[in-house]
Amino acid sequence: MSSPFLDQLSYGGDYNPEQWSREVWLEDVKLMKEANVNLVTLGVFAWANIEVADGKYEFGWLDEIFDLLHENGIGVDLATATASPPAWLTRKWPEVLPVTNQGVRHSHGGRQAYCVSSPIYKQKAADLAGRLAERYSKHPALKMWHVNNEYGCHNPLCFCDQSEIAWRSWLKLRYSNLDELNRAWGTNFWSQKYHDWEEINVPAETPAGTYPNPSMFLDFRRFSHYQILDLYRAEKDQIRKFDSSTPITTNFMSMKHSGNLNYWDWANEVDFVATDHYLNAEDPKNYIDLAFQADLTRGFAQGKPWLLMEHSTSAVNWQQRNIAKSHGEMIANSMSHIARGSNGAMFFQWRQSISGSEKFHSAMFPHAGRKSRIWRSVVELGKQIHDLGNLSKTQTQRAQVAMIFDYESWWALSQMNLPSTSISYPELAHDWYRALWELGVRVDFVSPNSLLEDLNAYELVLAPMQYLMSDSQEQVLSNYVANGKNLISSYFTGISNEDDSIKTGGYGGKLATDVIGIHVEEFAPARSNEFVELSNGYKATEWSQFAEATTANVLAKFSSGEASGSAAIVRSRSANAWYIGTRLDDASCRQFFDSVIGELRLAREGGDGVEVVRRGRTKFLINHNTNQVSWEE
Amino acid sequence: MSSPFLDQLSYGGDYNPEQWSREVWLEDVKLMKEANVNLVTLGVFAWANIEVADGKYEFGWLDEIFDLLHENGIGVDLATATASPPAWLTRKWPEVLPVTNQGVRHSHGGRQAYCVSSPIYKQKAADLAGRLAERYSKHPALKMWHVNNEYGCHNPLCFCDQSEIAWRSWLKLRYSNLDELNRAWGTNFWSQKYHDWEEINVPAETPAGTYPNPSMFLDFRRFSHYQILDLYRAEKDQIRKFDSSTPITTNFMSMKHSGNLNYWDWANEVDFVATDHYLNAEDPKNYIDLAFQADLTRGFAQGKPWLLMEHSTSAVNWQQRNIAKSHGEMIANSMSHIARGSNGAMFFQWRQSISGSEKFHSAMFPHAGRKSRIWRSVVELGKQIHDLGNLSKTQTQRAQVAMIFDYESWWALSQMNLPSTSISYPELAHDWYRALWELGVRVDFVSPNSLLEDLNAYELVLAPMQYLMSDSQEQVLSNYVANGKNLISSYFTGISNEDDSIKTGGYGGKLATDVIGIHVEEFAPARSNEFVELSNGYKATEWSQFAEATTANVLAKFSSGEASGSAAIVRSRSANAWYIGTRLDDASCRQFFDSVIGELRLAREGGDGVEVVRRGRTKFLINHNTNQVSWEE
Amino acid sequence: MSSPFLDQLSYGGDYNPEQWSREVWLEDVKLMKEANVNLVTLGVFAWANIEVADGKYEFGWLDEIFDLLHENGIGVDLATATASPPAWLTRKWPEVLPVTNQGVRHSHGGRQAYCVSSPIYKQKAADLAGRLAERYSKHPALKMWHVNNEYGCHNPLCFCDQSEIAWRSWLKLRYSNLDELNRAWGTNFWSQKYHDWEEINVPAETPAGTYPNPSMFLDFRRFSHYQILDLYRAEKDQIRKFDSSTPITTNFMSMKHSGNLNYWDWANEVDFVATDHYLNAEDPKNYIDLAFQADLTRGFAQGKPWLLMEHSTSAVNWQQRNIAKSHGEMIANSMSHIARGSNGAMFFQWRQSISGSEKFHSAMFPHAGRKSRIWRSVVELGKQIHDLGNLSKTQTQRAQVAMIFDYESWWALSQMNLPSTSISYPELAHDWYRALWELGVRVDFVSPNSLLEDLNAYELVLAPMQYLMSDSQEQVLSNYVANGKNLISSYFTGISNEDDSIKTGGYGGKLATDVIGIHVEEFAPARSNEFVELSNGYKATEWSQFAEATTANVLAKFSSGEASGSAAIVRSRSANAWYIGTRLDDASCRQFFDSVIGELRLAREGGDGVEVVRRGRTKFLINHNTNQVSWEE
């Protein structure tokens, strides 16, 4: 496999020439060159423009633009155009359209209007990918394949009859027999026990106030995730029939609000990792979330470079209030990604559409044209990236701290009937990360299925709210601590095994009981807007619990609420494992991590709004404060 | 019929041995004995474990557990296991699954996934009840029958085709002819007049901003309630074919948030009244709601003992934030029920599940095991109940005050197109009860269809927001006042007759006009968050009205808002009938009732957080304050 | 065509005698005479009472009431009774029932339960209208025809199969070929391009987070609006077969919260304009909204008199809290309408219903009967209207200021994926009107398609948030300014052409760029609850933008937020065109208009809660303040 990356960092974005006239194309390439654009993604939503009826193709316009780009030295990331099926397809096979858990069959006209278990969709999508590969694999402009787009964003689950059939087949592979399934799901309750595979339905909406079995629903999330991965594989395999060398990828959505796919599984299926990132615009510290997600993406890539496939030059169009980026924010965002391992900065999209749902989404060349701060920034950023030189083979410096990020725990905690609807898996993970970022401590991300040798590369491992924990995962963490390395765990970590069956005898399993030395006997969620006080002056929200240290040392007790007097924060007798039994507020969280980092003498650089990241021999300094900061080496 | 109750108070809970291994069963009975458990409810959700395919039964495990419990001196409350149909049933007959007013057919896998008018469900449920009765009626452990479970909790209304057929049949019985129905519903509006029975549909969702005819919808609530009662009767009748003597009951849901069934009708169909009660966890004074509901349940039982069939040892799993019970709260809760007539205290459930939707619902034996405050409290409560001795034949002392509680008014007021969406039937009833509780005044509850002789047993009758009032109900209240007894009525009492047709000529019917002497001409709901001032310094919310005293004396006028100057609180010339024309805030409400209770010289005992209730010769004193209280007899 | 109006102003309301007995009819006419009622609307919801089965009519009761009214000198506005189809119709043809964008088919029993594209409904409705015309066209009581009722209130859009067929037919007429349609909608995105007319679906719900193409949806609004207009025409044409002279109309819903139909199109189809108006009850200044809507209605009528067909004597029944009207408010409301051109004041309804969804809606004769402030006010208003004498041929004095009111822009801005969900077309228009009302400046309303000669009648034209602007509309406004007349435009005016395709090169098209002289390059919506400061001390919310004056003079810059330093309010070099680039708060808005009105020396009269309007030789002075105001001529 040849390198997925150009000799220099990639700069460009989604380019949808089908929306524009030939005259505009010529202006586009001129502008692209002015901005140092060297890569564009073609065809993401162009199925209806390429395959205009079942089996009838119009490649002419694509041939043309390929040649035009190549003549101008611009490479192509070719999308397989399968992200949204055309109207002729769903009109001919309406069963391709996805169905909600209330039985509503969605319509063509939005995005991703297909059932992820549809055999027709899968076949038609793979066919198109093959046709494109057949035609363009040898084109010199082709730099990489972009399969589909943002898989699972709008259609992660489907509840149609075809899905039900696929779901049963998947379950038969997962469970050797029905007894196994009944045991894993705990169906001896609510009259759920299955006596025949055909009795198993998709977990659609149940009577008001009741919900499907949570273990079943967790498996349905797994099933759906793997169905989507199979769609990717089907296209990839078809491409490989015609093109054995061009790198193939798809753009992940590693964002705080987007947890539909478990990208740890996907990372092995792509030739290099690519992702999209859009800010939560109203969050004044969204640059920390951005850093989180960039670090997480580098985690998927196992430290190797990856590619930021989409972000925005300014506002998006789908949030409540689409805040514009402030002066310099776009360049700072791009550089944060590159510092953290992205081999470039790509945008959605090159030229802002004048029609359609995304016409108010910012672009590289905005509605206002050249006379705009956006265009000036785009040119400036192009120059800066060009001037960075060839970083594409360099890696971001490894961190000393690793956070376990677990999509399956997220899925399990996205259900109903939990101790509190206030708890949130991604929020706690971001809380901890934010505290470390502000302290100038860098964080890598690791899979919950990391081996001991992977973890041993780090001085400190964080396991916030890792609700699901298999015996083997627990064993790895126990061994890590036994080796003298440091661990910070939290409330609601290690509660259930991989089937979402509770580990009894004190919450948190052996990790809590044996490794840390705490007996958690009962949860005591906080009331709405209630502050929980701790004996050491910390403040917390959302959670407290009835717990006592068995062998651990108590660092702080709860001093308000039902669980007042219970152990809140403890440290193992061995001194290298901590447990935080509540959601600390920002100041307390920072205080806690400050003391641990200080004691462990871990490296700090930057912080307080200033980001310092080293990649290869380049050091990135990014000041996110509104005021100027002076800096001494 | 033999006594439904054991010789001592019952103590125990739902027991679901099908979730556990034989080893656990042995531990369970040992623990039960340690905690003085003497009754458990078997089989509530076990249909799929007992009838494993249509007509194919597996009783072995149930036989075993029956024997094991009996050997250990623990009685059985046997559920008919029909609360949730198994997957094989709804797979074979999908028409059993219930349908929402939007036409969504719900899925198997939650609870109560059946249409309450389904002939198949009714037959299959009755068959199973009969099979169980045939097999276990002679078993010495059997103490009572528990038909189904929490009827109407999740599936109170169904809008499927089978429901429509049943609905028309029910209407034909209720109305001798279509003219009667058209008159009762007032169909000469919105083109609703029916000319053929077949034209009548179920009141499913109508175009946005419009709603079905409210009289029709009220009848649909009545119909659905009777359909559910028929399901109960079908099972009961089948049991009686095999068992002529064991008491039969089902667990009501007499809770503030649960008004789907009119339990006054149900009370006559059970051999003794049983109910469940779950707190609104975030309400700091939820012990008053608990007392309300326990008193209401005693009302259903006509003063005789009843049984608390379920409550929780600590948190539940279905509220926004499932607050744990504080130290001593569980025992206080249980004792409040027993003091008010419950022959024991039962819980959901014995051993906390490790899987399924209710795994985070607290239980008697928690996930943490013996090393837990819950288990210690369970053992302590078992001992306390045991030590109470045999209260089971004693009755709670009758109150001097009775409140009318009217589910049909609740139903009528749960619709749209009322003067204000802020008004709430249960809230006003609880307001008044709470004021009396805090004053140490006990309250009985009576049916809106009580006879004059029933009411005459009380010095004071309360009729808060009894929106629907038939002529005969009005006559009973009028005679009660004419007899010199005391009545307190409210705004929005006596507005409509039983068809929900307005009584014209001044709101509130003859009760307001003739008995109290007030002319209410128009409603003036308050604005959102508006406080309504009264001339006597009281404060109120939500409601004012244009009204003037005709023969009554005015105690307070509205002094703010549109209706400023109108009569707010009046007292009949005869001095024994009061009318409160607004929703007083807590302090004002207490002040009002304080003055009335004082003047009438009604008994008070306790109050201000301390509950005093006498049952037989036992006096229960329960302090709900966080501080200690000293008490002198 | 004879005059639609009686010799005196009309006074009365909807009269539904089918709800009452013959004895009540006799009381009704007596009461009507007491109140000077001279017109009632019969039959609005009486289809099921007139056509009791398909083709079977019962006219007897209607004949009787016609005669009774006529004998008592009361005229009839005869409704065609088609507002809600009867149960027999939708039972026989269920496909008539409307379907939501989620595929839910609504039920009979509410209002307007019909698909606006249903051929059956259209035919049956027209048939009934014809039958009524055949029977009553010669009756001397008949004064006018009232086709259907409040078209489009509850069923503006239907997504059923019949709608899809009609939709495609309509599109084929609108677009000469598919290329035109694909271009207009910008379908070269999201794989939306259509290659066959049969591929086009109705824009039903698409996968979560995605929405149908906004240009398509805008056309679907247009289509639906015209389908409804066709329903009106079908009935009207049928009436004209039997009655060539009686005026025909239907009641519009020109309210702030009601934008389903473009009444500029409808105004040409009715013999005179009629409308309904219901207040937003909780708004303390709702009399200004009332004035807005009355002025707008006069705009539809091109300055000629019109008729207020419905308003309420006091509370309605469908808002959150249905606030009663305060003392004098009803009369003030009625007079505001009459002053602004209404030839009378009609109410929903004459006698308050005792059953049905609208029984808590106030009426002329309330539940409480004669002993009520409502009845006293009704009699008083009847007398006042009678005493006004014959205003029916007089016109309200023309204003010097005209506001463009554009339903199509409203439709386009009612979609998702805009820069901010906070922006609202009707709110900004009402903001500006409110400021002018408080300043005592009267406003006329004009169509966005007004000709230059229409606009030239005004000194000042307002174009708030006229998002869609065709080239010809832009040309008219440009010429208007070129003629030296004054224009005030706003942010988000002139953004797109009639297809909702963005005009590039600086937002706002040539109107902004060339006429005003501002270059708007990017939007910067404000955060939730953020105040935007302006350099001249004004305050604003919701919106700011990156903009610079090219030829215009800057009156104020943004001084906070992302766009700080950008031009906020500018004035063209020619000095007669202003542009407001944000949503000013009430005080700032008033200050701005105060200065412009002052400079232009436009007439002011009243203001600050006092309304002064001249109609013919009558001058209406209405004081909306709670305190008395002295007034000198």
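Naming convention: chains lettered A, B, ... in sequence-line order (proteins, then strands); numbering from 1 in each chain. The shown structure was predicted, so the numbers you read here are calculated from the model rather than taken from an experiment.
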Distance alone, cut at 3.5 Å: any donor-acceptor contact between the side chains of A/E358 and A/N317?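 The answer is no; no qualifying pair exists.
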Will you find, in the side chains of C/T187 and C/N182, an N or O donor that is under 3.5 Å from an N or O acceptor?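 There is such a pair between these side chains.
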Is chain A contacted by the side chain of [X], its backbone, both, or neither, given a heavy-atom distance below 4.5 Å?
X      : value
C/I200 : backbone
C/A563 : neither
C/F189 : both
C/S528 : both
C/Q102 : both
C/D196 : neither
C/E548 : side chain
C/F217 : neither
C/V202 : backbone
C/P203 : neither

[X] and [Y] aromatic centres sub-6.0 Å:
X      : Y      : answer
C/F558 : C/F531 : no
C/Y507 : C/F492 : no
A/H154 : A/Y114 : no

salt_bridge([X], [Y]) N-O dist < 4.0 Å:
X      : Y      : result
C/E198 : C/R168 : yes
C/R183 : C/D499 : yes
C/E498 : C/K503 : no
C/E562 : A/K325 : no
A/E282 : C/R527 : no

Looking only at heavy atoms and a cut-off of under 4.5 Å, which of [options] has the most pairs with chain A?
options                        : value
C/N101, C/L418, C/N213, C/V104 : C/L418
C/P212, C/S496, C/S501         : C/S501
C/G103, C/S564, C/A526         : C/A526
C/G561, C/A204, C/A524         : C/A204
C/Q415, C/E205, C/K193         : C/E205
C/S215, C/G186, C/S191         : C/S191

In the structure I gave you, are the side-chain heavy atoms of [X] and [Y] within less than 4.5 Å of one another anywhere?
X      : Y      : value
A/L132 : A/F59  : yes
A/S117 : A/C158 : no
A/D54  : A/W93  : yes
C/E521 : C/Q545 : no

Which portion of [X] sits near chain C, non-hydrogen atoms under 4.5 angstrom:
X      : result
A/R321 : both
A/P98  : side chain
A/Q112 : backbone
A/R373 : both
A/A281 : backbone
A/E329 : neither

With respect to chain C, which residue among [options] yields the maximal number of heavy-atom pairs within a distance under 4.5 Å?
options                       : answer
A/S362, A/S372, A/A81         : A/S372
A/S107, A/P366, A/C153, A/A53 : A/S107
A/A46, A/A315, A/S84, A/P156  : A/S84
A/N49, A/N16, A/T90           : A/N49
A/S326, A/A83, A/P86, A/S353  : A/P86
A/W318, A/F45, A/W47, A/W88   : A/F45

Does A/R351 make a cation-pi contact with A/W20, if we ask for NZ or CZ under 6.0 Å from the ring centre and within 45° of the axis?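 Yes; both conditions hold, so A/R351 lies above the ring face of A/W20.
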Start with the C-alpha gap between A/R91 and C/Y194, add the side-chain angles, then the distance that decides, and say whether side-chain contact (heavy atoms from CB on, under 4.5 Å) holds. CA-CA 11 Å; A/R91 176 65 54 181; C/Y194 301 102; over 6 Å; no
